[in-house]
Student: 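Structure below; questions to follow.
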Amino acid sequence: MTTVLRKPAEFRQVCDDARANSHRVGLVPTMGALHEGHFSLIDEAKKRADFIAATLFVNPLQFAPDEDLDRYPRTLESDLAGCSQRGVDVVFAPEPDSMYPAHFQTQVSVSELTKPLEGGFRPAHFDGVTTVVAKLFNLTGPCTAMFGRKDYQQWKILSRLAHDLDMPIEVVGCPIVRESDGLALSSRNRYLSASERERALSIVSGLRRAHDAWAEGDRSVETLRTLAAERVRAEFDAVDYVSVVDPDTLLTPAESANRLLIAVAAHLGTTRLIDNVVLGEDPRP
Ligand code: PAF
């Protein structure tokens with residue numbers, strides 16, 4: 001049976017007890033609205049730890065005032081059922097007031113990796129993410145924590161955070177899980193109308209085009225970028241970026257790079273989708 005806790009102190013106690021009983025604690029932080037992508041994180045956590053904590057918290061700090069905090073899907077009952085079915089030991093689902101009580105005033109911030117890509121369009125977003133994840137790391141004391149690589153930049157930033165602050169936590173980036181037609185799973189996919197859902201496939205089609213060109217030996221950053229961007233621009237209402245960067249620094253890649261990250265963020269109506277592939281590392285999406 002999965003235990004569900006709302007209060008940070010109670011959650012901390014349960015995790016402390018697990019560690020005191022020699023369990024390896026694995027953490028799966030989420031904002032709920034769980035799908036197979038999240039469940040793959042739980043499955044991976046179970047390979048690396050024997051006491052699994054999942055968190056369900058729509059973190060207000062990481063949403064800008066004009067973003068979708070209020071309409072972000074909240075599906076607590078089915079999330080709990082899914083966690084229980086997949087073998088999560090404890091679920092932490094706090095209220096915002098218990099995570100950010102009156103007089104809360106501390107921010108955790110990673111300076112450089114947060115600037116490119118998403119940083120250009122969601123300026124305060126990653127400070128919200130790093131602050132809440134630092135709190136979740138401190139409450140849980142995990143030895144391992146799982147994040148999805150659909151949020152590739154987030155994974156890199158959180159790895160940096162743990163490393164820089166000497167947190168003894170393995171920050172694992174798990175592969176993107178896709179629908180059978182290639183659409184990357186996202187809690188936001190449920191906002192899409194049927195026709196938007198169809199047009200959304202242009203992202204994976206653009207990424208595949210670049211992946212195929214890379215496989216055939218094309219190493220021109222501009223060509224690879226254009227191949228992906230053409231598809232996305234043809235279908236999306238607005239494109240924030242289609243960028244080709246170094247997968248580790250997220251900056252301009254070296255001429256002879258043997259791995260390249262292509263990352264995309266674009267809007268269909270009021271829905272913003274992101275996706276990516278690492279050429280030279282990931283299989284064809
Ligand atoms: O990726 C997410 O769902 C969130 O950004 C996270 C890591 C749970 C922090 O709120």
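Whatever order the structure lists ligands and atoms in, that order sets their numbers, starting from 1. Numbers here simply count residues along the sequence, with the first being 1.
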Student: What residues, two or more places apart in sequence or in another chain, satisfy salt bridge (charged side-chain N to carboxylate O under 4.0 Å, His left out) together with R48?
Tutor: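 Residues passing salt bridge (charged side-chain N to carboxylate O under 4.0 Å, His left out) with R48: E44, E170.
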
Student: Against heavy atoms of Q62, which atoms of ligand 1 measure under 4.0 Å?
Tutor: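 Near Q62, meaning under 4.0 Å from one of its heavy atoms, ligand 1 has 4 (C), 5 (O), 9 (C), 10 (O).
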
Student: Hey, are D240 and R122 close enough for a salt bridge, meaning a charged N less than 4.0 Å from a carboxylate O?
Tutor: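 No, no charged N to carboxylate O under 4.0 Å.
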
Student: Taking 4.0 angstrom as the limit, do D237 and R199 come out as a salt bridge?
Tutor: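 Between R199 and D237 there is a salt bridge, with a charged N closer than 4.0 Å to a carboxylate O.
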
Student: Just let me know how T55 lines up against ligand 1, side chain, backbone, both or neither, with a heavy-atom cut-off below 4.0 Å.
Tutor: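 Neither; no heavy atom under 4.0 Å.
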
Student: Quick one: which ligand 1 atoms are inside 4.0 Å of a heavy atom on V132?
Tutor: 9 (C), 10 (O)

Student: Who's the nearest protein heavy-atom neighbour of atom 3 (O) of ligand 1, and how far?
Tutor: M31 CG, 3.6 Å

Student: Are any of the side-chain nitrogens in E112 or K115 under 4.0 Å away from the carboxylate oxygens of its partner?
Tutor: yes

Student: Taking the minimum heavy-atom distance to atom 5 (O) of ligand 1, which of M146, Q154, H38 ranks first?
Tutor: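 Answer by nearest heavy atom: Q154.
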
Student: What residues form a side-chain hydrogen bond (donor to acceptor under 3.5 Å, both in side chains) with S109, not counting sequence neighbours?
Tutor: D127

